[in-house]
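Some notes on the structure that comes next.
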There are 2 protein chains.
Amino acid sequence: MYEKKIPKDFSCGFTVLMEIIGGKWKPYLLFLISNGVRRPSDLHRKVPTATRRVLNLQLKELEFHGIIGKKIYAELPPHVEYYLTDFGESLLPVINAMDAWGGGYKHQFEQLMLRKQVPGEA
Amino acid sequence: MYEKKIPKDFSCGFTVLMEIIGGKWKPYLLFLISNGVRRPSDLHRKVPTATRRVLNLQLKELEFHGIIGKKIYAELPPHVEYYLTDFGESLLPVINAMDAWGGGYKHQFEQLMLRKQVPGEA
DNA sequence: TCAGATAGGGATAATTTTATCCCTGTAAAT
DNA sequence: ATTTACAGGGATAAAATTATCCCTATCTGA
């Protein structure tokens, strides 16, 4: 993936969690997969903003940690499907809690961000 | 802080949460502050790995979002104390849930990371 | 008077994460 | 025969985040 020069301290559970779901597209990919979007091309259609390349990288990391699994069908043209593992399922409540908290703050958050963008205005 | 070039989509609660606590030292700072470590210099002593500069930046962002507050005592030498706001308190359960999940996976995680480091070994 | 503690921040470098570009291969359809 | 859909990845650039270095100011104590 990428050889880190500054070692992280994984004695903290929080840091461990972040290592696993802390990629730009990972939480969204998990959401999609848990909602039945399984094939790489379908996932890409749902997240056209990201490149296939980038999605592949994030999927590979999720797979590395056993959050998702990958079924490769011996067909041509290629056919691949991702699925949430039981371990991955155990993550959903946590992600939902995070999303819920953030959702509650969203409105106020947007107000704040607006002020940041427009300090004096031209 | 830093003028971003690629706009983020904050319509998602998860993204909002990440914007708030997604800094390298922020969760740990929150933990410390919620446990009574209030003054900048004390926080730095607890996190000597980070520079005062960096801690200040992260603290400023937490303050910006109303997670923590700052009391400036009109004394010399300067005296500053941070505290968790009520809003910040509401974040603790979420952070705890995250930490708990990661803590449960920690052991297995360490095993995985070891293999990553030592593919074939010299 | 000089070191050390308090708190803060500008300028810039290093690190880490994402994005972009382009290439491989096969089968079905036009 | 050329295009399209499928899946995957190397090389490299850009963006974002952290880290490093150094300077300001005031008061206390040696």
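Values below: all heavy atoms of this structure, side chains included; hydrogens, waters and symmetry mates excluded.
Proximity of A/Lys70 to the phosphate of D/dG8: a side-chain N or O atom is located under 4.0 Å from OP1 or OP2. When the side-chain nitrogen and oxygen atoms of B/Trp25 are compared with OP1 and OP2 of D/dT17, none of them lie within a distance under 4.0 Å. Of the side-chain N and O atoms in A/Ser41, none sit less than 4.0 angstrom from OP1 or OP2 of D/dA5. Taking only side-chain nitrogens and oxygens, A/Gln58 never comes nearer than 4.0 Å to OP1 or OP2 of C/dT17. Under 4.0 angstrom from either OP1 or OP2 of C/dT15 there lies at least one side-chain N or O belonging to A/Lys5. Not one side-chain nitrogen or oxygen of A/Thr51 sits closer than 4.0 Å to the OP1 or OP2 atom of C/dA19.
In this structure, A/His79 atom NE2 and D/dG8 atom C1' are separated by 16 Å, rounded to whole Å. Distance A/Asn56 CG to C/dT18 C1': 14 Å, rounded to the nearest Å. C/dT17 atom P lies 13 Å from atom CE of A/Met18, rounded to whole Å. As a whole-Å value, the separation of B/Leu57 CG from D/dA16 C1' is 14 Å. Rounded to an integer number of Å, the gap from NE2 of A/His44 to P of D/dC6 is 11 Å. Rounded to whole Å, the distance from CZ on A/Arg39 to C1' on D/dG8 is 14 Å. The CG-P distance, from B/Leu55 to D/dA19, rounds to 9 Å in whole Å. Distance CD1 (B/Ile6) to C1' (C/dT20): 11 Å, rounded to an integer number of Å.
Both A/Asp42 and B/Val54 sit near DNA chain D, but only A/Asp42 has its closest nucleotide nearer the 5' end. Comparing B/Pro77 and A/Lys24 by the nucleotide of DNA chain C whose heavy atom lies nearest to each, the residue mapping closer to the 5' end is B/Pro77.
When the nucleotides C/dT16, D/dA19, D/dA7 are ranked by their closest atom to the side chain of A/Lys4, C/dT16 comes out on top. For B/Lys60, taking side-chain heavy atoms from C-beta onward, the closest of the listed nucleotides D/dA16, C/dG9, D/dA19 is C/dG9. Picking from D/dC6, C/dT17, C/dG8 the nucleotide with the shortest atom distance to the side chain of B/Pro40 gives C/dG8. Considering only side-chain atoms of A/Tyr82, the nucleotide from D/dG8, D/dA19, D/dA15 that sits closest is D/dG8. Comparing C/dG8, C/dG10, C/dT16 by their closest approach to the side chain of B/Arg53 singles out C/dG10. The side chain of A/Lys8 lies closest to C/dT17, out of C/dT17, C/dA19, D/dA7.
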**Prompt:** Between A/Trp25 and A/Phe31, does a ring-ring contact (aromatic ring centres under 6.0 Å, His included) hold up when you go through it step by step?
**Reply:** CA-CA 10 Å; A/Trp25 308 103; A/Phe31 169 77; over 10 Å; no
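Annotation: B/Lys106, atom NZ; neighbour count of heavy atoms from other residues, nucleotides and ligands within 6.0 Å is above 12. The local environment of CG in B/Asn35 is crowded, with over 12 non-hydrogen atoms from other residues, nucleotides or ligands closer than 6.0 Å.
Note that CG of A/Leu30 and CG of A/Leu84 are 6.0 Å apart. Values are rounded to the nearest 0.5 Å.
Note: A/His65 and B/Tyr105 have perpendicular aromatic rings, judged against thresholds of 30 and 60 degrees for the angle between ring planes.
No hydrogens or angles were tested; on distance alone, nothing pairs the side chain of A/Arg52 with the base of D/dG9 as donor and acceptor under 3.5 Å.
Between A/Glu19 and A/Lys26, no side-chain nitrogen of the basic residue sits less than 4.0 Å from a carboxylate oxygen of the acidic one, so the salt-bridge criterion is not met.
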